[in-house]
Amino acid sequence: TPTSRVRVYRTTTMQIPIIQVSGGRCSLLTGDIILPRAGFVNCFFEFFQKSLVPHSTARRQAKFCSFFVLTLAFFGNTLIVLQHLLTMQAHTAPLGIRWPPLHLPGGRQIRKEGPTLKKRVGILTSGGDCPGLNATIRGVAKALYARMGDSIEIVGILNGYHGLINGDYKEMCEDDFRGILTLGGTILGTKRTPFKMMRVVEEDKIDKVAAMKKTYKDAKLDCLLCLGGNGTHKTANLLSQEGLNIIGLPKTIDNDIYGTDVTFGFHTAVDIATDVIDRIHTTAGSHSRVMCIEIMGNKAGWLTLYSGIAGGADIILLPELPYDIDRVCDAVERRAKKGSNFSIIAVAEGAMNCEESRMKRKEWMAKRIESGMGTTATSRIAATIQKKTGMETRVCIPGHMQRGGSPCAYDRVLATQFGSYAAKLVEIERYGVAVAMVNHHVTENRLEDIAGKTRNIPEGCELITVARRMGISLG
């Protein structure tokens, strides 16, 4: 443009010049640096060794506000700076720009330009807990403090949406996020607050949506980060549609959030469930028993599929593939005829037989309750196998063990990736989205595109094919 200019800096070695930006705002997406300017006084650089320090001699004006947008490009030992001049009326200037003090090498302050408003970021964890929540909270906080320093304030919403409804929150400091990378659970607490009840006014006469908006306003939040599963993301989308600045982060051991290839907490749960199956092998073999192990996963069977293959299960029953109990018994008897004195069956808690798959949820739930064998299929499967095959059968339910403990190395890395990416979204003010991992790259999806959808195991899933090639029965 007519107001653009290009400057080239070159070092004497083939090292990329180090840029020290001590003022303005740097965009993580474009690499642009915005510097304040008034009138037509030039903003200039001084080159100290291998550091560039931008500073301005501008004076502020009442009616007009001007900015330089500096785009940086590196080529070997060459730095190219493309300088654009933007001038606009003061009241239309970009909102939220915060200018920290400018410093020369040695720490001498030059000038402090423009507004110094702080950005307040709320964080909550909702739904069931899982390993990696604290690691994600830490990833967000450390990245925000590293990128924005004193211009950021973090507010912890306690016990999920319940705390947001009841105004239960606290100011947090940098020390609160130290030492929690390996800590299981969540330092903020969590509660299940069903999405279907969010617009229902109950006996307490509380309008939950209005109460959440009020807490958001009272806490003076600029945005809110919601860490949770499918239900959490549905409520997050509701709040986004109500005008709040929301960012979602995908947490669940079920790995069933639509739009992301993986969720934090999943791989740790796979490790735990696999360890359970490993340990059951020895007792099953010693007692010549059929062991039915119930793995968490109500609507999606990712956890059962992964841990079943990793643990060497002989039969894997998934919610996506209704089972025939006769085929399950046949698989057990085939193993017995081949000399195996035990069988391991990994059963997802949401598994159902072919008859139940044709019924409505309320109907098959009522039928299970009437049978007196619990609301999951595992106990009924074990009883039927023992009756039809004559082999002694036992049930093992690791339950909430799969949610507990320290996150594995994979989940610590993933949580840090997700947290740092969410911090970037906060910095560039990109809201109404949820962080995701797609094809090994961290990205984001619009909340309205993913809320209310479940990521089930597809028919052509490669691991299903692997299981069948390995001779694993899927019922």
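Any value given below was found using the heavy atoms of this structure, including those in side chains, with hydrogens, waters and symmetry copies removed.
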Q) Hey, is the main chain of Met148 close enough, under 3.5 Å, to the side chain of Ser151 for a donor-acceptor pair? A) yes
Q) Do Lys205 and Glu203 come within less than 4.5 Å of each other through their side chains, counting heavy atoms only? A) no
Q: Scan Leu164, Thr215, Ile123 and name whichever one has a side-chain contact (heavy atoms from CB on, under 4.5 Å) with Leu224.
A: Leu164
Less than 3.5 Å apart, which donor and acceptor atoms pair up between the side chains of residues 465-475 and the rest of the protein, not counting sequence neighbours?
from	atom 1	to	atom 2	distance (Å)
Ser473	OG	Gly475	N	3.2

Using atom types as modelled, flag every donor-acceptor pair under 3.5 Å from a side chain in residues 437-446 to any protein atom, sequence neighbours excluded.
from	atom 1	to	atom 2	distance (Å)
Glu444	OE1	Tyr421	OH	2.3
Glu444	OE2	Arg430	NE	3.2
Asn445	ND2	Gly259	O	2.9
Arg446	NE	Asp449	OD2	2.9
Arg446	NH1	Glu448	OE2	2.9
Arg446	NH2	Asp449	OD1	3.1
Arg446	NH2	Asp449	OD2	3.3

Q | Counterpart residues, side chain to side chain donor-acceptor pair (under 3.5 Å), relative to Arg455 (two or more places apart) | A | none
Q: Would you verify whether the NZ or CZ of Arg412 falls within 45 degrees of the ring axis of Phe264 while also being under 6.0 Å from that six-membered ring's centre?
A: no
Side chains of residues 135-144: which donor-acceptor partners sit under 3.5 Å, not counting sequence neighbours?
from	atom 1	to	atom 2	distance (Å)
Thr136	OG1	Gly132	O	2.8

Q) Which one of Met391, Arg335, Met291 satisfies the side-chain contact (heavy atoms from CB on, under 4.5 Å) criterion with Ser343? A) Arg335
Q) What pairs with Lys388 under side chain to side chain donor-acceptor pair (under 3.5 Å), at least two apart in sequence or on another chain? A) Asp326
Q. Using a distance-only test with no angle check, is there a side-chain donor-acceptor pair under 3.5 angstrom linking Asp411 and Thr268?
A. yes
Q: Please report the C-alpha distance between Ile165 and His162 in whole Å, then the side-chain angles of each, then the deciding distance to 0.1 Å, and finally whether the side chain to side chain contact (heavy atoms under 4.5 Å, CB included) criterion is met.
A: CA-CA 5 Å; Ile165 292 168; His162 182 271; 5.7 Å; no
Q. Is Tyr169 close to Ile157 at the side-chain level, that is, under 4.5 Å between some pair of heavy atoms?
A. yes
Q | Sequence-distant partners of Asp278, salt bridge (Lys or Arg N to Asp or Glu O under 4.0 Å), two or more places apart | A | none
